[in-house]
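Beneath this line is the structure, given in structure tokens, with notes to follow.
So you know, we letter chains A, B, ... as the sequences are listed, proteins then strands, and number each from 1.
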Amino acid sequence: MDKYEKIIGMAKRRGFLWNSFELYGGTAGFYDYGPLGAMLKRRIEDIWRKMYVIEEGFYEIETPTIGIAAIFDASGHTRGFSDPMVVCSKCDHSFRADHLIEGIVETPDALPASEIKRLIDEHGIKCPQCGGTGTFGDVSSFNLMFKTTIGPGAERVGYLRPETAQGMFVDFEHLFRFYREKLPFGVTQIGKAYRNEISPRQGVIRLREFTQAEAEIFINPTEKNHPKFSMIEDTVLRYYPASHQRVSHPAHEDDGGIIELTTRDAVDRAIVAHEFLAYHLVLTHLFLVRVGIDPARMRFRQHQPDEMAHYAVDCWDAEVLTDRFGWVEIVGIADRTDYDLSSHAEHSKKDLSVLIEYDTPKQVERIAVKPDMGVIGPLYKGNAGKVLAALKGLGEEDLRGDEIKIEIDGEIVPIPRDLVEYETVIEEVRGERVIPHVIEPSFGIDRIIYAALEHSFSEELVAGVTRNVLHLPAEVAPVQVAVLPLLTRDELITPSLAIAETLRENGVFVSYDDSGTIGRRYRRNDEIGTPFSVTIDYDTLGDDTVTIRDRDSMAQIRMPIGELAETLRAMIRHGFSDAATRHNQIF
RNA sequence: GCGGCUGUAGUUUAGUGGUAUGACAUGAGCUUCCCAAGCUUAUAACCCGGGUUCGAAUCCCGGCAGCCGCACCA
């Protein structure tokens with residue numbers, strides 16, 4: 001039994017994760033979060049909100065999970081997310097149909113399935129595997145987006161969003177105004193995304209419905225330094241730059257090319273493209289460690305140039321080392337340049353550029369052309385608009401001579417000199433219009449949850465018996481405190497229930513358990529990662545003190561009930577030993 | 001999607017053409033004990049559908065799911 005099996009087994013037994021629809025046999029690619037899983041997920045998302053929304057000031061928005069076709073035409077998902085497949089009937093190998101006809105047409109990926117099939121037959125394409133001709137079946141197109149229809153009549157196509165990002169790009173104009181028309185600003189969204197994976201076989205690592213937490217940070221393309229860079233420049237991360245990757249598809253491999261560098265070094269040595277990206281690598285690192293990922297089993301892998309989307313400047317994946325799947329991507333952090341906004345501007349025919357004001361306005365000399373449209377209009381009729389545009393584009397040397405020549409639809413058209421006046425004017429230019437660049441950290445929450453479970457899971461020998469422990473950080477542990485009467489007797493149960501109630505009123509998430517022996521209950525709580533247990537025993541009845549047991553060390557301290565809530569809250573924030581050292585009675 | 005293997009309580013496991021064994025877990029009780037102790041007892045399963053048969057969990061077919069390989073993997 002490998003670690004993945006142990007963790008998924010534990011997660012199922014203890015109510016973290018269940019395969020969805022199991023009552024009806026289940027379907028691959030869908031998981032339910034049970035009571036503990038949903039709590040863990042909520043806590044991890046809340047930490048993400050604390051860091052990105054509150055500390056960075058990237059407000060959270062919420063956009064529909066269904067998008068209209070136009071959005072995904074602009075984003076490229078309707079084309080780029082679809083792969084035409086074909087199967088050889090002789091050897092049963094399947095191939096990308098567009099790859100088979102790559103040498104025959106310029107843009108095979110733009111062709112419909114029927115056309116690709118026709119070309120394959122016409123050119124007698126051989127099966128690359130077995131060499132057979134005429135063995136290919138029909139080309140089947142498979143788009144990874146779930147398709148649906150909007151409204152009655154079923155004619156309007158909608159798609160379940162394959163990422164949360166597009167909703168934020170589409171709202172760019174509103175957001176820019178909301179942030180009082182200043183760059184940089186960021187916006188976030190935590191929500192479901194959907195990809196109809198062909199064969200999702202890796203449990204919670206590859207889901208058809210999954211949760212993303214994404215930030216889109218819109219920045220001035222000429223200003224990629226980060227104002228808070230000096231605060232993080234000494235942080236050391238494990239980098240795995242593209243130039244160090246010796247295998248062609250290194251996603252799950254490790255060839256030892258990881259280097260540890262300070263963030264300052266990484267930027268100075270041009271390993272990371274710029275400060276802004278580097279800052280977000282660090283922020284990602286801090287988040288992942290805080291939710292329970294082992295920094296020693298984490299790296300930042302740079303995309304190879306051919307792997308990176310063509311528009312991106314630089315792209316890094318935070319990857320975690322897992323027992324079964326090797327290195328797995330859990331966060332992608334990319335400089336997407338102006339690709340997304342430009343593409344939406346083009347498709348929507350809206351100007352999504354913003355004015356970047358100069359510190360001091362520039363004086364610019366310009367030729368102002370003033371054609372006499374009262375004459376030109378009736379003279380050129382339908383072409384008058386083109387004439388006007390052409391005239392306005394002329395420089396002084398074109399206007400100076402006796403005759404003015406312009407080009408309309410490939411023809412040279414002379415314009416009478418006296419119809420066009422011009423003068424040189426001095427204009428004040430206040431700034432420059434640019435399409436903002438986008439820095440996008442994109443988190444796969446489900447994978448992060450799995451990684452946090454795997455990295456915090458351990459089996460420890462205690463007096464010859466295995467103890468299963470989830471060493472989750474207290475801040476993310478689903479149950480924060482277990483309240484346990486030492487024995488199942490009424491005189492201990494009554495005060496225990498009262499203590500549990502008081503803790504709940506103080507905002508601590510508490511479970512109460514009086515079944516079985518105390519040892520069994522400690523182990524149960526160890527397995528689900530409960531960091532602290534409060535035990536009520538016979539001393540409690542005499543002196544109003546209880547013990548707090550630490551999950552990781554199994555050490556206990558004794559303290560008055562009155563200090564309990566405050567101490568536990570401090571422990572959840574800062575750990576057991578800090579708070580424990582203020583109490584002597586460790587046993 | 002293709003090929004191979006597999007499918008028995010929550011988990012694990014025995015078994016076979018006549019409705020199912022044990023363990024762990026869980027509930028109740030005893031024990032009154034600070035790290036999965038013990039005892040009693042209870043709950044609980046043959047993936048789904050169809051066929052063959054007097055009778056199918058067992059044999060056959062189909063589906064679904066899981067594992068492995070191929071392909072795919074923003």
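- Ring-centre distance between Y450(A) and Y31(A): not below the 6.0 Å cut-off.
- Scanning all heavy atoms of the two residues, the minimum distance from T211(A) to D446(A) falls at N-OD1, 2.7 Å.
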Candidate pair F443(A) and F287(A), rule ring-ring contact (aromatic ring centres under 6.0 Å, His included), full reasoning: CA-CA 10 Å; F443(A) 291 69; F287(A) 168 77; 5.3 Å; yes

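- Per the geometry, CG belonging to D513(A) stands 13 Å off C1' belonging to G27(B), to the nearest Å.
- Comparing E22(A) and L486(A) along RNA chain B, the residue whose closest nucleotide (by nearest heavy atom) sits nearer the 5' end is E22(A).
- Taking 4.0 angstrom as the limit, R520(A) places none of its side-chain polar atoms (N or O) nearer than this to OP1 or OP2 of C35(B).
- Under 4.0 angstrom from either OP1 or OP2 of C35(B) there lies no side-chain N or O belonging to R524(A).
- Regarding the sugar-base torsion, U19(B) falls in the syn class, its angle being within 90° of 0.
- G3(B) is paired with C68(B) under the Watson-Crick or G-U wobble criterion, all donor-acceptor distances under 3.5 Å.
- Taking 4.0 angstrom as the limit, T517(A) places none of its side-chain polar atoms (N or O) nearer than this to OP1 or OP2 of C33(B).
- Rounded to an integer number of Å, the gap from D514(A) CG to C34(B) C1' is 16 Å.
- Side-chain to base pairing of R549(A) with C35(B): one donor and one acceptor N or O lie within less than 3.5 Å of each other.
- Picking from G27(B), C34(B), C35(B) the nucleotide with the shortest atom distance to the side chain of D537(A) gives C34(B).
- Backbone-only contact: I518(A) has heavy atoms under 4.0 Å from sugar-phosphate atoms and none from a base.
- Note on S515(A): a side-chain N or O is less than 4.0 Å away from OP1 or OP2 of G27(B).
- As rounded to whole Å, 16 Å separates atom C1' of U32(B) from atom CG of L484(A).
- Regarding E459(A), its CD atom lies at a distance of 16 Å from the P atom of A36(B), rounded to whole Å.
- When the nearest nucleotides of RNA chain B are assigned to N19(A) and R14(A) by heavy-atom distance, the more 5′-ward of the two goes with R14(A).
- Here the two rings, on F21(A) and F30(A), have centers that are under 6.0 Å apart.
- Among the nucleotides A65(B), G27(B), C35(B), the one closest to the side chain of A28(A) is A65(B).
- Taking 3.5 Å as the limit, the base of C72(B) and the side chain of E197(A) contain no donor-acceptor pair of atoms between them.
- Contact annotation for D526(A): no contact, since no heavy-atom pair falls under 4.0 Å across all strands.
- Residues E214(A) and S442(A) come closest through the heavy atom pair OE2-OG, 2.8 Å.
- When distances run from any side-chain atom of R13(A) to the nucleotides G10(B), C35(B), U32(B), the shortest one goes to G10(B).
- A close approach under 4.0 Å does not occur between any side-chain nitrogen or oxygen of K12(A) and OP1 or OP2 of G10(B).
- Across every strand in view, A36(B) sits unpaired, with no contact that passes the Watson-Crick or G-U test at under 3.5 angstrom.
- Using a 4.0 Å heavy-atom criterion, one finds that T466(A) contacts the bases of the nucleic acid, with or without backbone contacts as well.
- In the set U32(B), C34(B), A25(B), the nucleotide with an atom closest to the side chain of T535(A) is C34(B).
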Intermediate values then yes/no, side-chain contact (heavy atoms from CB on, under 4.5 Å), I528(A) and F16(A): CA-CA 9 Å; I528(A) 64 167; F16(A) 283 89; 4.2 Å; yes

